[in-house]
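This structure is in structure tokens; I'll ask about it shortly.
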2 protein chains.
Amino acid sequence: MRERPSRLALYTVDAVLVTAMGSELAILLGRNSSDRERWSLPWRIPQTGETLDAAAATTARDALGELPSWMEQIGAFGDGKRHPSEADVSVAYVGLIPHQTASPRDGHTWFPVANPPLLAPRQRAMVDGATKTLQSSLDQAPIAFRLLPATFTLSELQQMYELLLGKRLHKASFRRALQAAWLVEPMDEWRSEGRGRPAQLFRYLPKKKRRPHRGVRFDFLYP
Amino acid sequence: MRERPSRLALYTVDAVLVTAMGSELAILLGRNSSDRERWSLPWRIPQTGETLDAAAATTARDALGELPSWMEQIGAFGDGKRHPSEADVSVAYVGLIPHQTASPRDGHTWFPVANPPLLAPRQRAMVDGATKTLQSSLDQAPIAFRLLPATFTLSELQQMYELLLGKRLHKASFRRALQAAWLVEPMDEWRSEGRGRPAQLFRYLPKKKRRPHRGVRFDFLYP
DNA sequence: TGACTTTAGTCACACAAAGTGACTAATTCG
DNA sequence: CGAATTAGTCACTTTGTGTGACTAAAGTCA
């Protein structure tokens, strides 16, 4: 989100920055530079020589003040005509933010992903693409872990999966699958969260220590 | 693959066209326009107003004389410096060709995907991305079916899955999973292929008729 | 012709994984 | 203290997978 785009800007890099707010996912939007009443995803015209990944990282840092804990390209979007720049094509990235540590830069706010303000059609498509990408790589990449702080309880982890999948999971099945996948390591800490029995804290198991395992399947559904 | 690119061409659309040749996958390459000794993926500079999908379709048709039976965007590639054009970024597509019906246009040839000639690094990455995309959407999209003719035997279908997955499958498991997924419909035709018992012909079951089913898992491995 | 080979297609059983409800454990609240 | 609340585990049932052996229908060749 920079100065007015030049006519030579044939493509942009746009970032869909996602975080978990309470019981829903949120994305970061900034005020549109040409029409301050409207909102748009953070975007940027890459410098010559700048890689796409680097441009996406810079876009995120400019809007947020910190780098996402995980980032991946979604794809190139070119069909919707309208974009804040006049670029024909925009390359979209999803990025994850671990539970608001950072406060967004001026003019930027978190919006519920299910209920965003009016966006340009192309950016609307990117947001949809982002949630689709997150869901489909949920068991290939540490999506849920990158949205949580470094240590977390298994209930928090389960709630994060439920949020990402949009459905309830059965506790026993969830933990059984988690064990089978060797994704998580118990720590010697417990956290008392007000009401019930204190929960043990876990952390994401660094890859080196992981035994070979089959891909996780969190297919199971609560009645 | 057109005239020499102008300096304004900041991005291209490139196509990885895949077909099955005997017991391996093959991709279509054309002679590089600037250096006739080298090869490159078919590519194109989109017209203004042309969508990315349309540009990819046109690229395929120009190289092949027909449209792929299935096509999907892989993503945008911008890190490798070298590309036949001087574009900073190329948007790559995979396309499937159903068993050589078409003969490639002049200057184009099929190469084994496992053993291609020297390619520009960015295009090399696209080819890798294409096989990765095919494998990962193998149970979400009718990849195997779009590489086969409209009717096929179950043995042919299994061989196609084995080719795409790069591993052998067990016959009984394969057929059981296929049944559970309602992907295929028997026809009243049999085909005698020389030696043994004639095989029944099947066709891909159009979506309308399919009962709700869980995603197929062809995970199982031969001993 | 009839045994043998080859490919298609199916079955049945053992084993592994997933769905599910009920149970125990450790806290806070009143 | 007892009820309520959240964590964590168990055991049982149902479903899915891995696997080898079996039957079926053709061709080959003595």
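The chains referred to below are lettered A, B, ... by the order of the sequence lines, with proteins before strands, and numbering in each begins at 1. No hydrogens, no waters, no symmetry mates; every other heavy atom, side chains included, goes into these values.
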Which residue lies more 5' along DNA chain C, comparing B/Thr153 with B/Ala172 via nearest heavy atoms: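 Nearest-nucleotide comparison on DNA chain C picks B/Thr153.
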Between C1' on D/dC22 and NE2 on B/His170, what's the gap in Å once rounded to a whole number? 12 Å
Give a yes or no on whether the backbone of B/Leu169 and the side-chain of B/Gln158 come within a donor-acceptor separation of less than 3.5 Å.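 Checking the backbone N and O of B/Leu169 against the side chain of B/Gln158, a donor-acceptor pair under 3.5 Å is found.
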What is the distance from NZ of B/Lys167 to P of D/dT17, rounded to the nearest Å? 12 Å
Residues that A/Pro112 engages under side chain to side chain contact (heavy atoms under 4.5 Å, CB included), provided they are two or more places apart: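 A/Pro112 satisfies side chain to side chain contact (heavy atoms under 4.5 Å, CB included) with A/Glu24, A/Asn115 once adjacent residues are dropped.
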Partners passing side chain to side chain contact (heavy atoms under 4.5 Å, CB included) against B/Thr109 (at least two apart in sequence or in another chain): B/Trp39, B/Phe111
Could you state the CZ-C1' distance from A/Arg168 to C/dT20, rounded to the nearest angstrom? 14 Å
Length of the line joining A/Trp190:CH2 and C/dA25:C1', which is rounded to integer Å: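 One finds 13 Å between C1' of C/dA25 and CH2 of A/Trp190, rounded.
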For B/Trp70, which residues count as a ring pair (Phe, Tyr, Trp, His ring centres under 6.0 Å) partner, sequence neighbours excluded?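 Here no residue qualifies.
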Counting heavy atoms from C-beta on, name the nucleotide in C/dG9, D/dG20, D/dG8 closest to the side chain of B/Gln200. C/dG9
Do the side chain of A/Arg31 and the main chain of A/Arg36 share a donor and acceptor less than 3.5 angstrom apart?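 Present.
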Within the sub-3.5 Å range, which N or O atoms of nucleotides 2-7 of chain C have a protein N or O partner, and how far apart are they?
| unit_1 | atom_1 | unit_2 | atom_2 | d |
| --- | --- | --- | --- | --- |
| C/dT7 | O2 | B/Arg197 | N | 3.1 |

Could you tell me whether the side chain of B/Arg176 has a donor or acceptor atom within less than 3.5 Å of a complementary atom in the base of C/dT10?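 Checked by distance alone, the answer is no.
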Could you tell me how far apart B/Leu201 (CG) and C/dG9 (P) are, to the nearest whole angstrom? 9 Å
Which atom pairs, donor and acceptor, lie under 3.5 Å between side-chain atoms of residues 142-155 of chain B and protein residues at least two apart or in another chain?
| unit_1 | atom_1 | unit_2 | atom_2 | d |
| --- | --- | --- | --- | --- |
| B/Thr153 | OG1 | B/Glu156 | N | 3.1 |

From CG of B/Leu178 over to P of C/dT10, roughly how many Å is that when rounded to an integer? 11 Å
Among D/dA7, D/dG20, C/dG9, which nucleotide has an atom closest to any side-chain atom of A/Ala199?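 The closest nucleotide is D/dA7.
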Could you state the atom-to-atom distance from NZ of B/Lys171 to P of D/dG18 in whole Å?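 To the nearest whole Å, that distance equals 17 Å.
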Roughly how many Å is it from CZ in A/Phe174 to P in D/dT9, rounded to a whole number? 13 Å
Side-chain donor-acceptor pairs of residues 90-98 of chain A under 3.5 Å, sequence neighbours excluded:
| unit_1 | atom_1 | unit_2 | atom_2 | d |
| --- | --- | --- | --- | --- |
| A/Ser90 | OG | A/Thr12 | OG1 | 2.8 |
| A/Ser90 | OG | A/His83 | NE2 | 3.3 |
| A/Ser90 | OG | A/Arg122 | NH1 | 2.8 |
| A/Tyr93 | OH | A/Asp53 | N | 3.3 |
| A/Tyr93 | OH | A/Asp53 | OD1 | 2.5 |

